[in-house]
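Everything below concerns the one structure shown next.
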Amino acid sequence: MRLPVAFRSLRYRNYRLFAGGQLITLTGTWMQNVAQAWLVYRLTGSAVLLGAIGFTQQIPVFLLGPAGGIIADHFHRHRVVIATQSASMLLAGTLAALTLSGVVAVWHLFVIAALLGCVNAVDIPSRQAFVVDMVSRADLVNAIALNSSMFNSARVVGPSVAGLLVAWFGEGWCFLINALSYSGVLTGLLMMNVRAPVRRPPEGPALEHAVAGFRFVAQNPPILALLLLLGTISITAMPYIVLMPIFADEVLGRGPAGLGILMGASGVGAVAGALLLAARQEVHGLGTVVALAAAGFGALLMAFSASRNFWFSVALLVPVGFCQMLQMGSSNTLVQSMSPDRLRGRVMAAYSMMFMGMAPMGSLLAGLLAARFGAPITVALGGAVALAAAGLFALNLPALRVAGWRLIVAQEMAGGDPAQEITGGGLALDPQPGNPGPDPSIPRPN
């Protein structure tokens, strides 16, 4: 049965508590994201400011990502995540109070977005790296995929509920529900009994510690290629989400309720992609998945940009979300599988800089291009660049596959990643006792 395999990480109590809380609070987060975008659009009617609010919230992840990585590698990740989730709850509560009282102004939204971005710069590397403290290394791949499925399950429910609440009651209630949702994840975190390795504050210059993570990425072409592809797509194609209020209102004429349906549709596809990834028991072949998913994402966005029928657009966004999830989730899994635990936080900081850190530049660029050429042309251009980047990655994949296999084996033999062995079909979990793993000098066959 594939279903039990797909959910095997839930047998760990700490992970169950984490997953339950995350599902609740991520639903609230998506509600806030949709309501915030709509509020900016309602107050200003500006495509440029829609891009600017995304830029403001995400640029701290790029600028402060290295510091977040150092914190994740040298401090107790469990406590760091409790602190960051508490700060996010406070910011959501403040935004709710301002909006429900009727005094909210655009500058309030930008200040809170910037502060939330600073919190995320610390939270994302620690939360990503924290997974390895909750499950065995053999189940790390599955746990990463389930994290993605929770994120995207919330993306199905959150925007749909937000669209209805905004249409009926206004944006403030979405912000309030998000603030209250953090009680779920904080309760789960406080109930955990985490036996994490002892981590001490870094000794010596902080810059030296940050550079170590970037040096590892730069010296390993498979990781570098994955992050460059992710960064390229983040800056060109992923900003289609920022422009969704324009598609919902001006292009398709459906208003805030339509916005919720459109966002939810891409979430449905993303959940399917995450569950497909969670059912895998091997990392072999994920490079091909990354290339195909990135190409599909770009091509489908180009088709979406040309649609003027609401329900056809909704149907297109389902495979858009599916491909986007497969590309991001597979990249995350491969990067973590190739990274040593001592550098995991800093490598994941580089990942977050490419994934979320490049997005603000893309959001700003998308807003400027949409104001000049229109949202459909902007999204079509982003899809075309994603398609070209996927083709370039695919051309280099044979050489990257051999180098990546050696990295995975090296981490396996050092005990730094999921315990894996070669079986007839590829990488399998749980090596047999006494089996030290394959010889790193032997590349994994295609």
Side-chain angles (χ1 to χ4, degrees), residues 26 30 33-34 37 50 54 145 148-160 162-163 229-249 251-252 254 258-277 289-332 355-356 358-359 362-363 365-366 369-370 374-391 393:
L26 286 171
W30 274 107
N33 289 343
V34 170
L50 264 180
S148 297
S149 69
M150 287 184 292
F151 178 83
N152 289 291
S153 296
R155 189 167 133 196
V156 175
V157 178
S160 301
L229 176 62
L230 186 64
T232 300
I233 291 178
S234 292
I235 201 171
T236 59
M238 288 184 190
Y240 82 94
I241 295 175
V242 173
L243 301 177
M244 204 57 70
I246 298 176
F247 277 93
D249 191 47
V251 179
L252 302 171
R254 291 300 183 109
L259 174 61
I261 294 172
L262 289 169
M263 296 290 286
S266 62
V268 169
V271 169
L275 292 178
L276 179 65
L277 190 59
V289 171
V290 169
L292 292 176
F297 182 48
L300 287 162
L301 278 183
M302 294 173 71
F304 170 77
S305 71
S307 172
R308 297 299 179 268
N309 180 278
F310 177 74
W311 291 110
F312 184 61
S313 297
V314 170
L316 283 171
L317 285 178
V318 174
V320 163
F322 181 83
C323 290
Q324 183 181 3
M325 174 60 242
L326 280 185
Q327 193 249 327
M328 291 187 304
S330 298
S331 297
N332 188 321
F355 175 36
M356 289 192 68
M358 286 295 178
S363 296
L365 178 63
L369 289 175
I377 291 178
T378 301
V379 171
L381 288 173
V385 173
L387 190 58
F393 178 84

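Counting from 1, the numbers follow the sequence of the chain as shown.
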Quick check for you: to the nearest 0.5 Å, what is the distance between Ser313 atom OG and Leu252 atom CG?
4.5 Å

Backbone N/O of Met302 and side chain of Ser305: donor-acceptor pair under 3.5 Å:
yes

Evaluate the criterion side-chain contact (heavy atoms from CB on, under 4.5 Å) for residue pair Thr232 and Phe393; output intermediate values, then yes/no.
CA-CA 11 Å; Thr232 300; Phe393 178 84; over 6 Å; no

For Phe310 and Leu262, what are the C-alpha separation, side-chain angles and deciding distance, and is it a side-chain contact (heavy atoms from CB on, under 4.5 Å)?
CA-CA 9 Å; Phe310 177 74; Leu262 289 169; 3.9 Å; yes

Start with the C-alpha distance between Leu317 and Met244, add both sets of side-chain angles, then the distance that settles side-chain contact (heavy atoms from CB on, under 4.5 Å), and finish with yes or no.
CA-CA 11 Å; Leu317 285 178; Met244 204 57 70; 4.2 Å; yes

Distance, nearest 0.5 Å, that separates CZ of Phe247 from CG of Leu243:
6.5 Å

Atom OG1 of Thr236 and atom CG of Leu369: how far apart are they, to the nearest 0.5 Å?
11.0 Å

Val289 and Gln327, any side-chain heavy atoms less than 4.5 Å apart
no

Given Cys323 and Leu300, is the side-chain contact (heavy atoms from CB on, under 4.5 Å) satisfied, shown in steps?
CA-CA 9 Å; Cys323 290; Leu300 287 162; 4.0 Å; yes

Counting distance only, does the side-chain N/O of Arg254 pair as donor-acceptor with the main-chain N or O of Val251 below 3.5 Å?
no

For Gly273 and Phe322, which heavy atoms make the closest approach, and how far apart are they?
N-CD1, 3.4 Å

How are the rings of Tyr240 and Phe297 set to each other: parallel, tilted or perpendicular (split at 30° and 60°)?
perpendicular

Report all side-chain donor-acceptor pairs from residues 374-390 shorter than 3.5 Å, counting only partners two or more places apart or in another chain.
residue: Thr378; atom: OG1; partner: Ala370; partner atom: N; Å: 3.2
residue: Thr378; atom: OG1; partner: Gly374; partner atom: O; Å: 2.9

Are Leu230 and Met238 close enough that some pair of their side-chain heavy atoms sits under 4.5 Å apart?
yes

Interatomic distance, CE@Met325 vs OG@Ser266, rounded to 0.5 Å, equals 12.5 Å

